[in-house]
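What follows is a single structure, written as structure tokens, with notes after it.
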Protein chains: 2
Amino acid sequence: RAGARQDPPLEHELPCSLEELYRGTTKRMKISRSVTDMSGRTERMTETLSIEIKPGWKKGTKVTFPKKGDERPGTIPADIVFVISEKKHPVFEREGNDLTHTARLPLVDALCGATIKLTTLDGRPLTVSVSDVARPGAEKRVKGEGMPQSKVPGTKGDLRVRFDVIFPRTLSDQQKAGLRQLLPSG
Amino acid sequence: RAGARQDPPLEHELPCSLEELYRGTTKRMKISRSVTDMSGRTERMTETLSIEIKPGWKKGTKVTFPKKGDERPGTIPADIVFVISEKKHPVFEREGNDLTHTARLPLVDALCGATIKLTTLDGRPLTVSVSDVARPGAEKRVKGEGMPQSKVPGTKGDLRVRFDVIFPRTLSDQQKAGLRQLLPSG
């Protein structure tokens, strides 16, 4: 077999939800490949590959199954490579080991305080209280509620809650007069 | 002179203020170059080049003075090229033919109305009234108060005023109670 060349690797995208990347999971992927038996006869076979996703894995992480491509005389079967990608999440975005969430707050809640109710990626209820004035673009950091760090088991990044403050469209003259009395004039 | 090669062009940056690019101006640039007389003697000379900046010129505009480089036997003097660049302005930024200005408004003015006083690039006072609620990131467009369009004399872009709303750092419980009564609850 000296001099046999290996086919170039076959890459497949493996989309994972943030929940799967948070908790870890096992993904089973069915592949179909040509296999050559002792007598040199080739037949089509399906095989199931099992991929262990560890908590905290990032997009771009590669899992390689060596020589799982088609068997053909005179060549070494290609490696099959799965590349982790991240599915969009409706509530959280990932930034490295941190998670971010943008909370839409009516102006009155941004000024007077608000309670934001979230569900973590492992299904726990999480309440974030905002008692200071929530300025647009400001962040409230919740320590340890980010993604697990796969390289440092047991540690997690932070959750960073951002505020998208919704202003009222219009205000009456009466409301404006009241606000002029209540709010500092800069 | 057949076969004489020209030296590569010499580029110089010509920084202009937004005021100069708005009104147009004449810039005089002194250059020093070698000149060869009839008898073949070379001497150093200074020369003043006059550059007519037209209203609305953009950064990157080039003005070429052909063959104003050093005269040397056997070569054609280089062209001298001035490239317009824009100096930073404390009040306005240019975006194509538009000007933008970011007005820092205390929250109370953003909600109750404000008057923004500016001085245009040709020195006129300009008052921009904000009567609607000024949301952060929103823009108020003032038609025709942007940069002149050099290719369509007599027309100008717009001025776009943006709002950077300054929230109070803290509010007392009394202020919060008042705000809860005044502002819509989303």
Side-chain angles (χ1 to χ4, degrees), chain A residues 90-93 95 100-119 125-142 160-186, chain B residues 90-93 95 100-119 125-142 160-186:
Chain A
V91 175
F92 298 111
E93 269 188 78
E95 292 184 6
T100 65
H101 169 69
T102 301
R104 284 172 63 86
L105 287 185
L107 179 65
V108 66
D109 294 335
L111 293 173
C112 303
T115 298
I116 298 158
K117 286 181 197 303
L118 297 168
T119 301
L126 179 70
T127 300
V128 181
S129 299
V130 185
S131 49
D132 301 332
V133 171
R135 282 167 292 130
E139 271 186 4
K140 164 128 189 174
R141 187 178 284 264
V142 186
R160 298 188 334 240
V161 180
R162 292 172 183 160
F163 307 112
D164 185 10
V165 182
I166 314 302
F167 275 52
R169 291 209 157 268
T170 52
L171 292 168
S172 67
D173 288 345
Q174 211 178 346
Q175 282 174 308
K176 288 183 186 178
L179 289 167
R180 284 244 178 253
Q181 292 204 317
L182 274 173
L183 287 172
S185 61
Chain B
V91 175
F92 298 110
E93 268 189 77
E95 292 185 6
T100 65
H101 169 69
T102 300
R104 283 172 65 86
L105 289 183
L107 179 65
V108 66
D109 293 335
L111 293 172
C112 303
T115 297
I116 298 157
K117 286 183 197 301
L118 296 168
T119 301
L126 179 70
T127 300
V128 180
S129 299
V130 186
S131 49
D132 301 332
V133 171
R135 282 165 293 131
E139 270 185 7
K140 163 126 190 178
R141 187 178 283 267
V142 186
R160 291 174 358 226
V161 180
R162 291 171 184 161
F163 307 112
D164 185 8
V165 181
I166 313 304
F167 275 52
R169 290 208 159 267
T170 53
L171 292 167
S172 68
D173 288 347
Q174 210 178 346
Q175 282 175 310
K176 287 182 185 179
L179 289 167
R180 283 244 180 253
Q181 293 206 316
L182 273 174
L183 286 172
S185 62

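Throughout, protein chains are lettered first and strands after them, A, B, ... in sequence-line order, and every chain is numbered starting at 1. Values below: all heavy atoms of this structure, side chains included; hydrogens, waters and symmetry mates excluded.
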May I ask you to name which of [options] has the most heavy-atom pairs under 4.5 Å with chain B?
| options | answer |
| --- | --- |
| A:L111, A:D109, A:D132, A:T170 | A:L111 |
| A:P136, A:G113, A:S131 | A:P136 |
| A:R180, A:Q175, A:Q181, A:R169 | A:R180 |

Which region of B:A138, side chain (C-beta onward) or backbone (N, CA, C, O), has a non-hydrogen atom less than 4.5 Å from a non-hydrogen atom of chain A, or is it both or neither? neither
Can you name the closest pair of heavy atoms from B:P168 and A:P184 and give their distance? CB-CG, 3.9 Å
Who among B:K176, B:Q174, B:R135 has the most heavy-atom pairs with chain A under 4.5 Å? B:K176
Where does A:L182 contact chain B at under 4.5 Å (heavy atoms): side chain, backbone, both or neither?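 Answer is both: backbone and side chain atoms of A:L182 are under 4.5 Å from chain B.
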Relative to chain B, which segment of A:A177 carries a heavy atom at a distance below 4.5 Å: side chain, backbone, both, or neither?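 For A:A177, neither part sits under 4.5 Å from chain B.
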Stepwise, does the side chain to side chain contact (heavy atoms under 4.5 Å, CB included) test hold for A:L179 with B:L107? CA-CA 10 Å; A:L179 289 167; B:L107 179 65; over 6 Å; no
Taken in chain and number order and not counting sequence neighbours, the residues that satisfy salt bridge (Lys or Arg N to Asp or Glu O under 4.0 Å) with B:R162 are B:E95, B:E139
Any residue meeting salt bridge (Lys or Arg N to Asp or Glu O under 4.0 Å) with B:D164, in chain and number order, not counting sequence neighbours: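 Checked B:D164 against salt bridge (Lys or Arg N to Asp or Glu O under 4.0 Å); matches are B:R104.
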